[in-house]
Amino acid sequence: MNSEPVSLARALGSFEDLWSPRIVTAVNDYDVRVAKVEGEHLWHVHDHTDEFFLVLEGELHIALREPAGERTVVLPKGSVFTVPRGTEHKPAAPAGASILLFEPTGTSTVGDRHDEVPPHVDATTGHTLA
């Protein structure tokens, strides 16, 4: 855990990789991660945890496969959304975005079950901020 304040702008400026989150701090047993995203992620599901999204810049779309059918939520800058555990989802940012994620330490970016991981998606539990 950081003992000094972390500038999210500086953290986001420290890397260029897309869909490759950096851990900026921890809260109890949760990571606070930031990521730059553009294009589509992949369909995946977290069986045991919700996934919290906060859009810092740009706009994020999250496609959801729910019992009532498939829908997409659109999150403009400053919006938050939580994908409930067990819900298959696919984030996308057609024009690019910067996001903050809040999830248990060790949670994989591609979930517990997922489609084939494309080369532009980093299957990770988060990288330490440089």
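Residues: numbered from 1 along the sequence shown.
- Salt bridge status for R113 with D47: present, with a side-chain N to carboxylate O gap under 4.0 Å.
- Two residues are said to be in side-chain contact when any heavy atoms from C-beta on lie closer than 4.5 Å; L8 and L100 meet this criterion.
- Counting heavy atoms from C-beta outward, H114 and W43 have side chains that stay 4.5 Å or more apart.
- Atom CZ of F52 is surrounded by more than 12 heavy atoms from other residues, nucleotides or ligands within 6.0 Å.
- Contact record, L18 with E38: CD1-CB, 3.9 Å, taken as the closest heavy-atom pair.
- H89 and H44 have tilted rings, their planes meeting at an angle from 30° to 60° on a 0 to 90° scale.
- Connection of V110 to I62 is established within a shared hydrophobic cluster, with ILVMFWY side chains joined at heavy-atom distances below 4.5 Å, either directly or through further cluster members.
- In this structure, the side chains of T87 and E66 come closer than 4.5 Å at one or more pairs of heavy atoms.
- Atoms CG and CZ, on L54 and F102 in that order, are 12.0 Å from each other to the nearest 0.5 Å.
- Across H46 and S108, no two heavy atoms sit closer than the pair CE1-O, 3.0 Å.
- Nearest heavy-atom pair, V6 versus V24, reported as atom, atom and distance to 0.1 Å: CG2-O, 3.6 Å.
- Across all their heavy atoms, S98 and L12 have their closest contact at CB-CD1, 3.8 Å.
- The same ILVMFWY cluster, assembled from side-chain heavy atoms under 4.5 Å apart, contains both L101 and V37.
- Looking at L64 and V73, their side chains come closer than 4.5 Å, going by heavy atoms from C-beta outward.
- Residues S20 and H127 form a side-chain contact, since some pair of their non-hydrogen atoms from C-beta on lies under 4.5 Å apart.
- Looking only at side-chain heavy atoms (C-beta outward), T49 and P104 come within less than 4.5 Å of each other.
- Between L60 and A93, the shortest heavy-atom contact is CD1-CB, 4.4 Å.
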Run the numbers on F81 and F53 for ring-ring contact (aromatic ring centres under 6.0 Å, His included), then give the verdict.
CA-CA 5 Å; F81 185 77; F53 293 86; 7.6 Å; no
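- Counting heavy atoms of neighbouring residues, nucleotides and ligands inside a 6.0 Å radius, atom CD of E116 does not exceed 12 of them.
- P21 places a side-chain heavy atom less than 4.5 Å from the side chain of T109.
- A single hydrophobic cluster is not seen to contain both L75 and V80; linkage of ILVMFWY side chains at heavy-atom distances under 4.5 Å, directly or through other members, places them apart.
- Partner R33 forms a side-chain contact (heavy atoms from CB on, under 4.5 Å) with one of I99, L129, T107, T124 and no other, that one being T107.
- Residues V83 and V121 fall within the same hydrophobic cluster, defined by Ile, Leu, Val, Met, Phe, Trp and Tyr side chains chained together at heavy-atom separations under 4.5 Å.
- Atoms CD and OH, on E103 and Y30 in that order, are 10.0 Å from each other to the nearest 0.5 Å.
- What you find for E40 and K90 is that their closest heavy atoms are OE1-NZ, 2.9 Å.
- In this structure, V74 and E59 have side chains that are in contact, with non-hydrogen atoms separated by less than 4.5 Å.
- T105 and D31 share a side-chain donor-acceptor pair at under 3.5 Å.
- Taking hydrophobic clusters as Ile, Leu, Val, Met, Phe, Trp and Tyr residues chained together by side-chain heavy-atom distances below 4.5 Å, W19 shares a cluster with V117.
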